[in-house]
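Shown next, in structure tokens, is the structure this report addresses.
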Amino acid sequence: PNYKSCVHFCIGKLHYANNNYNLAIEHYNQSLETNSNKANTLFELGHCYEQLKDTAKAMEYYNEAQKLDNESDEINNKLKSILLEPNNIR
């Protein structure tokens, strides 16, 4: 495994848990540079943008994650929930 990527992913998770979404995004992006599990990182980036109320950007990341892992119930359910949300722009 690429430890640098794992470290950045974990730091991103910590920042997300502390509501520091912009810092989480920075670390997730650094993780993506050498990450072998890109779908999971893209999914987490989607969460960050969703928390920042940037639904369009969140959807971009969720869709990219789904392209890499279209069998993931978590990704597919998240996409469905956003599409069914009446306040979201399509």
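Quick note: numbers below take in every heavy atom, side chains included, and nothing from hydrogens, waters or symmetry partners. Start at 1 with the first residue, then count along the sequence. No experiment lies behind these values; they were computed from the predicted model shown.
- Between Tyr62 and Ile75 the shortest heavy-atom distance is O-CG2, 3.8 Å.
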From CA spacing to verdict: side chain to side chain contact (heavy atoms under 4.5 Å, CB included), Leu68, Glu64 | CA-CA 7 Å; Leu68 296 173; Glu64 286 300 312; 6.0 Å; no
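- Note on ring orientation: taking the six-membered ring where Trp is involved, the planes of His27 and His15 are parallel (angle under 30°, cut-offs 30° and 60°).
- Taking CD of Gln66 as the reference point, atom CG of Leu42 lies at 12.0 Å (rounded to 0.5 Å).
- Of the possible donor and acceptor atoms, none in the side chain of Asn20 sits under 3.5 Å from a partner among the backbone N and O of Leu23.
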Start with the C-alpha gap between Glu74 and Phe43, add the side-chain angles, then the distance that decides, and say whether side chain to side chain contact (heavy atoms under 4.5 Å, CB included) holds.
-> CA-CA 9 Å; Glu74 188 176 26; Phe43 186 69; 3.4 Å; yes
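- Tyr49 and Leu14 fall into different hydrophobic clusters, where Ile, Leu, Val, Met, Phe, Trp and Tyr are joined by side-chain heavy atoms under 4.5 Å apart, directly or via other members.
- Closest approach of Ile25 to Cys48, counting heavy atoms only: CG1-CB, 3.5 Å.
- Under the 4.5 Å side-chain criterion, counting only non-hydrogen atoms from C-beta, His47 is not in contact with Tyr61.
- For Tyr28 (side chain) and Lys13 (main-chain N/O), a donor-acceptor pair under 3.5 Å exists by modelled atom type.
- Heavy atoms from other residues, nucleotides or ligands lying under 6.0 Å from NZ of Lys38 number more than 12.
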Go through the steps for Ile82 and Glu50 under the test side chain to side chain contact (heavy atoms under 4.5 Å, CB included), then give the verdict.
-> CA-CA 9 Å; Ile82 289 176; Glu50 194 173 357; 3.9 Å; yes
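- The two residues Ala39 and Ala65 have their closest heavy-atom pair at O-CB, 3.4 Å.
- A donor-acceptor pair under 3.5 Å links the side-chain atoms of Asn76 to the main chain of Asn70, judged by distance alone.
- Between the side chain of Ser81 and the backbone N or O of Lys78 there is at least one donor-acceptor pair closer than 3.5 Å.
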Give the intermediate values and the outcome of side chain to side chain contact (heavy atoms under 4.5 Å, CB included) for residues Met59 and Leu79.
-> CA-CA 7 Å; Met59 286 294 293; Leu79 283 167; 3.6 Å; yes
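- One hydrophobic cluster holds both Leu32 and Tyr16 under the rule that ILVMFWY side chains link at heavy-atom gaps under 4.5 Å.
- Using a 4.5 Å cut-off on side-chain heavy atoms (C-beta onward), Glu44 and Phe9 make contact.
- Minimum heavy-atom separation, Ala24 to Gly12: CB-O, 3.3 Å.
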